[in-house]
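Read through the structure below, which is laid out as C-alpha cells, and then see the notes.
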Amino acid sequence: MYEKINELADRSTDKLVATRRDFHKYAESGWFEMRTSSLIARRLTDMGYEVLTGPDVCLGESRMGLPSDEELEKNYIRAKEQGADPEFIEKVKGGFTGVMAILRCGEGPAVALRFDIDALGVVEDASSEHRPFREGFSSVNPGMMHACGHDGHASIGLGVAEVLMAVKDDLRGTVKIIFQPAEEGVRGAKCIVDKGHLDEVDYVLACHISGRESEEDNVSDVTAGSGGSLATSKMDVFYYGKSAHAGSHPQDGRNALAAAVTAVQNLLAIPRNSKSDTRVNVGTLHAGSGRNVIPEYARMEMEVRGKTSEGNIYMEQWAQRIFRTAAEMHDCTYEVKKMGEAFLLESDQPLMELIRDVCEKDLKTVRVHSKLRREADGSEDFSYMMKRVQDQGGQASMLRILTQTAAVGHNKMFDFDDADALPKAVKALSAVTCRLLTEG
C-alpha cells in the first residue's frame, strides 16, 4: 500500500503544481473563497466522495469576521466570471465557503484532515524577481494573495483525496477531509466545530508549508508536529456617543473618541501575569467627522494573546472590563464583536511518533526532522479542531512541510517550491491516514 502511495503522489506532481498555481492566480480571502470552494467540491464529487457544502459545512451564526452582504455579492459575481463551477457556487455563495468530503469504509476509527484555503489581504509583488509574476500565475485579484501557502494546502488536500480513494478497499473507518475557509484572522474553524463535524473524531491532522531555516531543515522534509502557538481573541469594539458643536455646546456631546482613547491607554497597561506570557495590541482606531464636532462614533480593532489558553482568558477578561468602564466614564454605549479566536495549539506526542514511523519505516521517502515538534509562531485556527478532538480523548497533530521559500509568510514576495513540497505532503498525510485506518 505504501509503495502505491509513493507512486501515486509522484505521478501527480504536475497536477498538484497546476492546481496550486490556479488557486494562487485566483486568490480569494476569507469568506470570499467561492470559486475555490466550488472547484474543490466539483473535483471531490467527481472522485466519488460524499461532499458537503454551504450551511452543511459551516454553522452560519458561528462565522466570525464575516464581510458585508455587498462585498460577498461582488466577490460572488467575480468568482462566476473567473470560472467557478456553476452548480457548486450557488451552494457556497453568501460566505458559506468551505467543503467537506467523507469517505466511509466500514467500522473503524474516524480520521479528519484539515486544509485551509483562504488568501491574505496582501498586494502581490509585480516584478520579474517574483516567480509567480514572471511565470504568469500571480494573483489577478487586487489586494488578495496566497502569501501563506494555503493555495498549496488546498492542492495537497485534493491530492490526498485522490490517493485515499485509490486505496479505499484497504481502509477500515471513516475519513473526513475538511477544506476550511477564513483561517487568516482565526475566523473559520469555529463554525465547522460548532456544526459538529469534529465530534466523535479520533484523530485530526493538518499541515503547513514552512521555510527551511537550519542545516537540519535542509535535509528534512517534514516535522511530525507543531506546538506553542498563542491562544488569541480578536475583537472589534464600537463606541457610540453624541455629536455636538465643540465650541458652542461641548457639554451636550458625549465623546466616543475619548472613550476609545481611554480604553486604548488602559488596554496597553493591563497588568502582566506570571503564569503566562501575554500580548495585547490595538491595531486601528477610527473616529470623528471633523475638528469642531464632538465625535459620536469610534471603532477599534484589537487583539489579546496568551502563551496558554488561561493567559488569553485573563487578558480578554481584563479587556472586557476596560471596554465597559471606558464607556461608562464618558457616558457612551459600546459594542464588542468577536472577529476571531484560537486556543493553544499542541500536537500529541504519540501521534507525532507514529507520523515519524510511517514516514521513515513505511514510506521510506519522506525524511522527518529529529525534533518532532516545531515551535509555532503566532496563532493557529486549527487549534479549535485540535481542542475538540483532544477534549474527547482523541489525538491531533499539525505537520510542517519543509521546503525552500522566497520570503517569509505574509510577505508580497512569498512563494515556495511547489514541485518539492506538494507530493511529499501528499505522501505523508495519505500514509499516516492509511496507517490509522488499518492499525489504529
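Just so it is clear, the values below take in all heavy atoms, side chains as well, and ignore hydrogens, waters and symmetry mates.
With respect to the salt-bridge test (charged N to carboxylate O, under 4.0 angstrom), the residues Asp85 and Arg43 do not qualify. A salt bridge links Arg299 to Asp236: one of the charged nitrogens lies within less than 4.0 Å of a carboxylate oxygen. With respect to the salt-bridge test (charged N to carboxylate O, under 4.0 angstrom), the residues Asp415 and Arg20 qualify.
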Exercise for review: Output, in order, the C-alpha distance, side-chain angles, deciding distance and verdict of side chain to side chain contact (heavy atoms under 4.5 Å, CB included) for Lys74 and Phe32.
Suggested key: CA-CA 9 Å; Lys74 176 183 175 182; Phe32 294 139; over 6 Å; no
Exercise for review: For the pair Asp420 and Gln404, evaluate side chain to side chain donor-acceptor pair (under 3.5 Å) and give the outcome as yes or no after the intermediate values.
Suggested key: CA-CA 9 Å; Asp420 169 63; Gln404 295 301 319; over 6 Å; no
Review point. When you look at Lys338 and Lys234, which way does the side chain to side chain contact (heavy atoms under 4.5 Å, CB included) test go after all the steps?
Key: CA-CA 6 Å; Lys338 184 68 70 70; Lys234 302 181 187 300; 5.9 Å; no
Practice item. Begin with the C-alpha distance, continue with both residues' side-chain angles, and end with the deciding distance and a verdict on side chain to side chain donor-acceptor pair (under 3.5 Å) for Asn312 and Ser233. Key: CA-CA 7 Å; Asn312 186 63; Ser233 298; 3.0 Å; yes
Review point. Can you list the steps and then say if Arg114 with Leu205 is a side chain to side chain contact (heavy atoms under 4.5 Å, CB included)?
Key: CA-CA 6 Å; Arg114 177 277 225 167; Leu205 299 164; over 6 Å; no
Check your understanding: Yes or no on side chain to side chain contact (heavy atoms under 4.5 Å, CB included) for Phe382 and Lys387, after CA distance, side-chain angles and deciding distance?
Key -> CA-CA 9 Å; Phe382 178 58; Lys387 185 176 188 298; over 6 Å; no
Practice item. Could you check His369 against Asp217 for side chain to side chain donor-acceptor pair (under 3.5 Å), going step by step and ending with a plain yes or no? Key: CA-CA 7 Å; His369 200 288; Asp217 286 356; 3.1 Å; yes
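Looking at Asp194 and Ser62, their side chains do bring a donor and an acceptor atom within 3.5 Å of each other. His330 and Asn255 share no donor-acceptor pair across their side chains, judged by distance under 3.5 Å alone. Checked by atom type, the side-chain pair Glu310/Asn273 shows no donor-acceptor distance below 3.5 Å. Remark: the Thr36 side chain and the Glu28 side chain contain an N/O donor-acceptor pair separated by less than 3.5 Å. Judged by distance alone, the side chains of Ser370 and Glu216 do bring a donor and an acceptor atom under 3.5 Å apart. No hydrogens or angles considered: nothing links the side chains of Glu335 and Tyr239 as a donor-acceptor pair under 3.5 Å. A donor and an acceptor atom, one from each side chain of Ser139 and Asn141, are nowhere located under 3.5 Å apart. When only modelled atom types and interatomic distance are considered, Arg305 and Ser379 share a side-chain donor-acceptor pair under 3.5 Å. Between the side chains of His24 and Asp151, a donor-acceptor pair is found at a separation under 3.5 Å. With hydrogens and angles left out, the side-chain atoms of Ser229 and Glu380 include no donor and acceptor closer than 3.5 Å.
The closest donor-acceptor contact from the side chain of His153 to the backbone of Ile209 lies under 3.5 Å. One N or O on the side chain of Glu71 and one on the backbone of Ser68 form a donor-acceptor pair closer than 3.5 Å. Not a single donor-acceptor pair under 3.5 Å links the side chain of Thr174 to the backbone N or O of Ala110. The closest donor-acceptor contact from the side chain of Glu50 to the backbone of Leu103 lies at 3.5 Å or more, if one exists at all. Remark: side-chain polar atoms of Asn266 are paired, donor with acceptor, to backbone N or O of Thr262 under 3.5 angstrom. With Glu296 contributing its side chain and Gly241 its backbone, the two residues share no donor-acceptor pair below 3.5 Å. Formation of a donor-acceptor pair under 3.5 Å by the Asp118 side chain with backbone atoms of Glu184 is found in this model. With Arg131 contributing its side chain and Ala406 its backbone, the two residues share no donor-acceptor pair below 3.5 Å. A distance-only check finds a donor-acceptor pair linking the side chain of Tyr49 to the backbone of Ala161 [under 3.5 Å]. In this structure, Arg272 contributes its side chain and Ile270 its backbone to a donor-acceptor pair below 3.5 Å.
Side-chain atoms of Val282 and Leu267, non-hydrogen and from C-beta on, do get closer than 4.5 Å to each other. Taking 4.5 Å as the limit, every side-chain heavy atom of Phe115 sits out of range of all side-chain heavy atoms of Ile178. You'll find the side chain of Glu303 stays beyond 4.5 Å of the side chain of Val280, heavy atoms only.
Separation of atoms NZ (Lys190) and OH (Tyr384) is listed at 5.0 Å; rounding is to 0.5 Å. For the atom pair OG1 (Thr223) and NE2 (His208), the distance works out to 11.5 Å, reported to the nearest 0.5 Å. Glu61 CD to Leu66 CG: the interatomic distance, rounded to the nearest 0.5 Å, is 12.0 Å. Rounding to the nearest 0.5 Å gives a distance of 8.0 Å between CD1 of Ile156 and CG of Leu16. Considering CG of Leu422 and CG of Asp417, their distance stands at 9.0 Å, rounded to 0.5 Å. Remark: Met339 CE to Met64 CE distance equals 9.5 Å, nearest 0.5 Å.
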Atom pairs and distances, donor-acceptor, side-chain atoms in residues 343-355, under 3.5 Å, two or more places apart:
unit_1 : atom_1 : unit_2 : atom_2 : d
Glu346 : OE1    : Gly228 : N      : 3.4
Glu346 : OE1    : Arg373 : NH2    : 3.2
Glu346 : OE2    : Arg373 : NE     : 2.5
Glu346 : OE2    : Arg373 : NH2    : 3.4
Ser347 : OG     : Ser226 : N      : 3.0
Ser347 : OG     : Ser226 : O      : 2.8
Ser347 : OG     : Ser397 : OG     : 3.4
Ser347 : OG     : Met398 : N      : 3.3
Asp348 : OD2    : Gln390 : NE2    : 2.9
Asp348 : OD2    : Ala396 : N      : 2.8
Gln349 : NE2    : Glu353 : OE2    : 3.2

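Contact between Lys412 and Val122 at its shortest, heavy atoms only, is CA-CG1, 3.9 Å. Here the shortest heavy-atom pairing between Ile89 and Pro86 reads CG2-O, 3.8 Å. The shortest heavy-atom contact between Lys424 and Val366 is O-CG2, 4.0 Å. Residues Ala327 and Tyr334 share a closest heavy-atom pair of CB-CD2, 3.8 Å. Across all their heavy atoms, Gln392 and Leu198 have their closest contact at NE2-O, 2.7 Å.
Remark: Arg35 is not positioned above the aromatic ring of Tyr76, lacking an NZ or CZ atom under 6.0 angstrom from the ring centre and at most 45 degrees off the axis. At least one test fails for Arg42 against the ring of Phe88: distance under 6.0 Å to the centre or angle within 45° of the axis.
By the 30° and 60° cut-offs, the orientation of the rings of Tyr240 relative to Phe238 is parallel.
Counting non-hydrogen atoms of other residues, nucleotides and ligands closer than 6.0 Å to CD of Glu129 gives a total of 12 or fewer. Other residues, nucleotides and ligands contribute only 12 or fewer heavy atoms inside 6.0 Å of the NZ atom of Lys80. Around the CD atom of Gln251, the shell of radius 6.0 Å holds more than 12 heavy atoms that belong to other residues, nucleotides or ligands.
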